[in-house]
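Taking it in order: structure first as structure tokens, then the write-up.
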Amino acid sequence: MNKKWLIGGIVVAVIGAIVLVAVLVKGDGEPDGWIAKKYRKLSLDTYSASKAPQQVAEEIAKKFKPIDRVNALGLAAGTSVPAVPMTSAGGGVPAAAPIAVAGAAQQGGIFLQYPKTVVGVLPDGAGSRITVDGPDRGYRRYNSYVGSHWTSPGSGGWNRNGTASFRGGGPGSGK
């Protein structure tokens, strides 16, 4: 066998291993797989934690920085409070406009917005219930809390600024 081919193969294998390790370590910036490993599964995309919602949301936000965070804990239907910005080390999410809550069916929660995921951390007895949804389902599910704060997601979720992410369509698209 030619030494050049052998050395080339080894170099390609080493580069491939480095790329694989980097992808596995970094992840894709979405918390759903990490949540599934860290918390007790209750049902499809719903998990349980023994800690309070504030602590759980902070754990998740510390591991995976969200685009935005809405703290709507303890809200009753028809109330309005300002969104609470994330207060983690290294900077937080800018202060947000008030959240209008009309006809809310739950007692509120903390909602984390990611490009392709919405995480809801809700009070559940002394602990928390964590829901993990895609952008459209999460936005619709928690619209009474986040609807006046977040834009409706596009077909690709949200971009890093929290606005709808999609590729346009129609005549002349893709040029």
Side-chain angles (χ1 to χ4, degrees), residues 26-165:
K26 183 179 178 213
D28 61 1
E30 298 290 328
D32 44 346
W34 183 80
I35 289 171
K37 291 177 187 171
K38 180 153 178 76
Y39 301 104
R40 187 172 59 89
K41 187 171 187 162
L42 296 176
S43 63
L44 183 65
D45 298 331
T46 303
Y47 304 87
S48 176
S50 60
K51 297 177 183 175
Q54 297 91 333
Q55 291 174 301
V56 173
E58 193 58 38
E59 281 179 356
I60 296 167
K62 187 175 181 180
K63 183 75 175 170
F64 296 91
K65 186 176 192 270
I67 294 169
D68 199 6
R69 173 181 178 152
V70 173
N71 186 339
L73 273 173
L75 289 183
T79 62
S80 176
V81 298
V84 176
M86 187 170 68
T87 57
S88 63
V93 175
I99 307 164
V101 181
Q106 299 179 10
Q107 58 185 359
I110 299 173
F111 307 99
L112 304 173
Q113 178 190 39
Y114 294 91
K116 298 197 180 299
T117 308
V118 172
V119 176
V121 184
L122 311 155
D124 189 25
S128 302
R129 187 175 75 247
I130 306 156
T131 61
V132 179
D133 294 303
D136 190 52
R137 182 171 183 230
Y139 181 80
R140 282 185 283 121
R141 180 190 288 208
Y142 299 118
N143 190 315
S144 58
Y145 298 106
V146 302
S148 65
H149 184 64
W150 295 348
T151 61
S152 179
S155 60
W158 292 284
N159 63 24
R160 62 186 171 90
N161 298 320
T163 57
S165 174

Using side-chain heavy atoms (C-beta onward) and a distance below 4.5 Å, is [X] in contact with [Y]?
X	Y	value
Tyr47	Leu42	no
Leu122	Pro53	no
Tyr145	Leu73	no
Thr117	Pro135	no

Approximate separation, where rounding is to 0.5 Å, of [X] [atom1] and [Y] [atom2]:
X	Y	atom1	atom2	result
Glu30	Ile35	CD	CD1	10.0 Å
Asn143	Phe111	CG	CZ	11.0 Å
Asp32	Lys37	CG	NZ	10.5 Å
Arg69	Leu112	CZ	CG	6.0 Å
Ile130	Thr46	CD1	OG1	9.5 Å
Tyr139	Ser152	OH	OG	5.0 Å

Atom of [X], atom of [Y] and distance for their closest heavy-atom approach:
X	Y	value
Pro31	Tyr114	CG-CE1, 3.6 Å
Gly108	Pro123	O-CD, 3.4 Å
Val56	Ser128	CG2-OG, 3.8 Å
Ala57	Ile110	CB-CG2, 3.6 Å

Checklist entry - Side chains of Tyr142 and Thr131: is there a donor and an acceptor less than 3.5 Å apart? => result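 Looking only at side-chain atoms, Thr131 and Tyr142 do form a donor-acceptor pair, the distance falling under 3.5 Å.
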
Checklist entry - Any idea how Trp158 and Trp150 line up, ring-wise: parallel (<30°), tilted (30 to 60°), or perpendicular (>60°)? => result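 Aromatic pair Trp158/Trp150 classed perpendicular.
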
Item to check | Partners meeting salt bridge (charged side-chain N to carboxylate O under 4.0 Å, His left out) with Asp136 (sequence neighbours left out) | outcome: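 Counting only residues at least two positions away or on another chain, Asp136 forms a salt bridge (charged side-chain N to carboxylate O under 4.0 Å, His left out) with Arg140.
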
Checklist entry - Got a sec, which pairs hit salt bridge (Lys or Arg N to Asp or Glu O under 4.0 Å) with one end in residues 39-51, sequence neighbours left out? => result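 Matches after skipping sequence neighbours: Lys51-Glu59.
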
Next on the checklist: With side-chain contact (heavy atoms from CB on, under 4.5 Å) as the criterion, how do Gln113 and Val146 come out once you've worked through the C-alpha distance, each side chain's angles and the decisive distance to 0.1 Å?
Outcome noted: CA-CA 10 Å; Gln113 178 190 39; Val146 302; over 6 Å; no

